[in-house]
Amino acid sequence: MVQKINNKKSFSLKFDLLTGLSPGAISKKRLLSDMKGMYYDKDAYEKIVVEKDAVVYEFYDLNINPNPENLSFGTTILYPGKVGDEYYMTKGHFHDELNTAEIYYCLRGFGYLLMEDQQGRTEIQEFKPSISVYVPPGFAHRSINTSNDEPLITFFVYRADAGHDYKTIEEKGFRKLIIEKGGQPTIIDNPKWNIQKTRR
Ligand code: PAN
Ligand code: ZN
């Protein structure tokens, strides 16, 4: 949406349960080429991005006035796929307003929400249809689609002024990764996690 949404008026928006898409809003798309440096297998990434620059996920960033009294919401549609043995995932971020929480609700598909705070505590919650997940304030969060053939569709709500800090994760990554091992989602230590760089 181009115009700022007037938070003094009610409105409704459809999100399709099958596709996760909204006919009333414009989604932001993230392609493989937007994910440079995020997957741990650099060679697999370079190869796949040249073959086909697929859409990894799309999501809604409604233009809600960024005030603490407002809420922003939408869906994320994370497509199935892998780079090497690492599942398609969102970039992941801390909120600029670090002490703001978020709620996710899984509409379709299977996967995980990986969370990590600045002290290095990791939290992982499973996504499956009808499950809601609470992201505590201070935790970076990344969605991961572990299905072979189905999109992972989640609905999210967060404080409209939360803001998104992508830089920290782009530079350091998450401490843990979820990859496919022996046909199963498996949590591993991120071999590329960069301990040198600190947030802000
Ligand atoms: C979500 C995310 C969305 C896309 O709306 O922004 O799933 O993931 P990235 O922002 O990490 O690319 C959210 O957590 N908002 O705060
Ligand atoms: Zn968030």
Side-chain angles (χ1 to χ4, degrees), residues 1 5 13 15-16 19-22 25-39 45 53-68 70-81 83 86-118 122-127 131-147 151-178 190 199:
M1 288 187 183
I5 290 171
L13 207 53
F15 292 98
D16 189 275
T19 65
L21 295 168
S22 174
I26 296 166
S27 69
K28 279 193 177 172
K29 293 186 175 63
R30 297 243 210 261
L31 306 172
L32 275 169
S33 55
D34 298 318
M35 302 289 287
K36 196 170 167 60
M38 315 239 52
Y39 290 95
Y45 174 80
D53 192 11
V55 176
V56 179
Y57 61 102
E58 49 190 305
F59 66 104
Y60 293 92
D61 184 8
L62 303 181
N63 215 357
I64 308 260
N65 278 315
N67 303 323
N70 295 344
L71 296 172
S72 190
F73 63 95
T75 50
T76 302
I77 302 101
L78 175 55
Y79 294 102
V83 174
E86 193 172 8
Y87 299 105
Y88 272 14
M89 61 195 187
T90 59
K91 283 186 160 196
H93 57 266
F94 284 94
H95 289 164
D96 279 328
E97 293 294 334
L98 194 59
N99 277 317
T100 54
E102 184 157 346
I103 306 286
Y104 277 77
Y105 182 66
C106 182
L107 303 174
R108 183 179 171 197
F110 298 90
Y112 293 89
L113 192 69
L114 171 65
M115 294 162 272
E116 176 183 309
D117 73 0
Q118 287 180 298
T122 294
E123 298 266 328
I124 297 175
Q125 294 292 339
E126 199 176 348
F127 276 138
I131 293 296
S132 59
V133 176
Y134 177 72
V135 183
F139 277 78
H141 38 286
R142 161 181 287 168
S143 304
I144 298 159
N145 183 352
T146 56
S147 166
L152 174 66
I153 302 176
T154 53
F155 182 82
F156 55 79
V157 188
Y158 59 92
R159 222 173 75 184
D161 65 333
H164 295 91
D165 162 23
Y166 290 106
K167 201 163 169 272
T168 305
I169 298 299
E170 278 167 2
E171 288 180 353
K172 288 176 62 176
F174 280 80
R175 285 169 170 83
K176 300 283 180 191
L177 302 178
I178 300 184
N190 180 359
R199 185 169 189 267

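Order of appearance sets the numbers: ligands from 1, and atoms from 1 within every ligand. Because only heavy atoms are used, hydrogens play no part in the values below, and waters and symmetry mates are left out as well, while side chains stay in.
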Full working for side chain to side chain contact (heavy atoms under 4.5 Å, CB included) between Met38 and Tyr45: CA-CA 9 Å; Met38 315 239 52; Tyr45 174 80; over 6 Å; no

Report the nearest protein non-hydrogen atom to [atom]: residue, atom name, distance rounded to 0.1 Å.
{"atom": "atom 8 (O) of ligand 1", "result": "Thr90 CB, 3.6 Å"}
{"atom": "atom 12 (O) of ligand 1", "result": "Tyr57 OH, 2.5 Å"}
{"atom": "atom 11 (O) of ligand 1", "result": "Gly92 N, 2.8 Å"}
{"atom": "atom 7 (O) of ligand 1", "result": "Thr76 OG1, 2.7 Å"}
{"atom": "atom 13 (C) of ligand 1", "result": "Glu102 OE2, 2.9 Å"}
{"atom": "atom 1 (C) of ligand 1", "result": "Tyr104 OH, 3.4 Å"}
{"atom": "atom 10 (O) of ligand 1", "result": "Tyr166 OH, 2.5 Å"}
{"atom": "atom 6 (O) of ligand 1", "result": "His93 CE1, 3.5 Å"}

- prompt: What do you reckon, does His95 put a non-hydrogen atom under 4.0 Å from ligand 1?
  reply: yes

query: Is there a heavy atom in Tyr60 that sits closer than 4.0 Å to ligand 1?
result: no

query: With atoms numbered from 1 as shown, which atoms in ligand 1 lie under 4.0 angstrom from a non-hydrogen atom of His164?
result: 15 (N), 16 (O)

- request: Could you list the atoms of ligand 1 found under 4.0 angstrom from a heavy atom of His141?
  value: 14 (O)

message: Consider side chain to side chain contact (heavy atoms under 4.5 Å, CB included). Of Leu21, Ile26, Leu13, which one does Tyr60 pass it with?
response: Leu21

task: Of the side chain and backbone of Arg30, name the one, both, or neither that has a heavy atom under 4.0 Å from an atom of ligand 1.
output: side chain

message: Run Lys167 and Asp165 through salt bridge (Lys or Arg N to Asp or Glu O under 4.0 Å) and show every step you take.
response: CA-CA 6 Å; Lys167 201 163 169 272; Asp165 162 23; over 6 Å; no

- request: Start with the C-alpha distance between Thr122 and Leu114, add both sets of side-chain angles, then the distance that settles side chain to side chain contact (heavy atoms under 4.5 Å, CB included), and finish with yes or no.
  value: CA-CA 7 Å; Thr122 294; Leu114 171 65; 3.9 Å; yes

message: I'd like to know if the side chain of Thr90 and the backbone of Ser143 have a donor-acceptor N/O pair within less than 3.5 Å.
response: yes

- prompt: With distance as the sole test, does His93 use its side chain to make a donor-acceptor pair with the main-chain N or O of Lys91 at under 3.5 Å?
  reply: no

field: Approximate separation, where rounding is to 0.5 Å, of Phe127 CZ and Ser132 OG
entry: 9.5 Å

message: Looking only at N, O or S atoms in Glu102, which is nearest to the Zn ion (ligand 2)?
response: OE1

- prompt: For His141, what is the atom name of its N, O or S atom nearest to the Zn ion (ligand 2)?
  reply: NE2

Geometric class of the His95/His141 ring pair [parallel <30°, tilted 30-60°, perpendicular >60°]: perpendicular

Plane angle bin for Tyr88 and Tyr39 - parallel if under 30°, tilted between 30 and 60°, otherwise perpendicular: tilted

query: Taking 2.8 Å as the cut-off, does an N/O/S atom of His93 lie below it from the Zn ion (ligand 2)?
result: yes

- request: List the steps and the verdict of side chain to side chain donor-acceptor pair (under 3.5 Å) for Gln125 and Tyr134.
  value: CA-CA 9 Å; Gln125 294 292 339; Tyr134 177 72; over 6 Å; no

